[in-house]
Amino acid sequence: GAVVSQHPSRVICKSGTSVKIECRSLDFQATTMFWYRQFPKQSLMLMATSNEGSKATYEQGVEKDKFLINHASLTLSTLTVTSAHPEDSSFYICSAREAASPLHFGNGTRLTVT
Amino acid sequence: TQLLEQSPQFLSIQEGENLTVYCNSSSVFSSLQWYRQEPGEGPVLLVTVVTGGEVKKLKRLTFQFGDARKDSSLHITAAQPGDTGLYLCAGSGYQKVTFGTGTKLQVIP
């Protein structure tokens, strides 16, 4: 089946630094990629939707200057958390789809900001 | 804004029991997916339903899509500890996927 690789799986960084998370589709062309944030025992909260080659569409309340999303190719999207603070600590998950196919998810990135 | 409400939110049952999880919305979706997520991992797709009234079976799991394509249910027969996890429904609309509020299932041996 379709595979989405997310890296890193865990990252610890100091407050004020930036962290980049990569999401790759390994065996299909991801025309659309989604980034989510998930709090413990809760569902996924959509942060933004990105289509290859165009600017990401951010959900209401998500700061686009803080959460930079780049979708430069059909197999790679990146999420950069800029000037991270402890409240940004969370589980971040990407998903990808080709056209109208079902979503396939990465395994998530546990971000801890100290 | 969450448009898909799942119930129950939490469910703890004994091994061998049956259970049903509901996913309800006021919106119509072109398709609906069910996912299961284990701690520290991404959701894994279980099934996609497309046609109103459709019923799909996956071993002990039975999925149904409502006639109006606004709601869905997941029924598990003879639950096993391996069924433990967070179950998420997701409705697909135009260019957007909306996730349900999630159901945390614990099956006790």
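Chain identifiers are assigned alphabetically (A, B, ...) following the order of the sequence lines, protein sequences preceding nucleic acid strands; residue numbering begins at 1 within each chain.
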Transitive ILVMFWY side-chain link [X] to [Y], under 4.5 Å:
X        : Y        : value
Val47(B) : Phe29(B) : no
Leu11(B) : Leu61(B) : yes
Leu79(A) : Val62(A) : yes
Leu4(B)  : Phe65(B) : no
Leu44(A) : Phe34(A) : yes

Inset, instruction - Sort out for me which of Gln38(A), Gln60(A), Gln6(A), Arg110(A) touches chain B most, counting heavy-atom pairs under 4.5 Å. - result: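 Max contact count across the listed options: Gln38(A).
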
Count the heavy atoms of every other residue, nucleotide or ligand shown that sit under 6.0 Å from [atom1] of [X], and state whether that count exceeds 12.
X        : atom1 : result
Gln29(A) : CD    : no
Tyr22(B) : OH    : no
Lys64(A) : NZ    : no

Could you pull out the closest heavy-atom pair between [X] and [Y], with the gap in Å?
X         : Y        : value
Gly102(B) : Ser43(A) : N-CB, 4.2 Å
Arg97(A)  : Val97(B) : NH1-CG2, 3.4 Å
Ile93(A)  : Pro43(B) : CD1-CD, 4.1 Å

Legend entry - Check: Tyr36(A) ring centre within less than 6.0 Å of Tyr35(B) ring centre: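 Ring-ring flag for Tyr36(A)/Tyr35(B): false, centres at least 6.0 Å apart.
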
Inset, instruction - Would you check, one step at a time, whether the test side chain to side chain contact (heavy atoms under 4.5 Å, CB included) holds for His104(A) with Val44(B)? - result: CA-CA 7 Å; His104(A) 295 278; Val44(B) 174; over 6 Å; no

Inset, instruction - Identify the residues of residues 8-18 of chain A whose heavy atoms come closer than 4.5 Å to a heavy atom of chain B, ordered by number, or report 'none'. - result: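 So far as heavy atoms go, nothing in residues 8-18 of chain A approaches chain B to under 4.5 Å.
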
Legend entry - Under 4.5 Å from a heavy atom of chain A, the part of Gln37(B) involved: side chain

Inset, instruction - Taking the side chain as every heavy atom from C-beta outward, state whether Leu103(A) and Leu45(B) have any pair of such atoms under 4.5 Å apart. - result: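 Not touching, per the 4.5 Å side-chain cut-off.
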
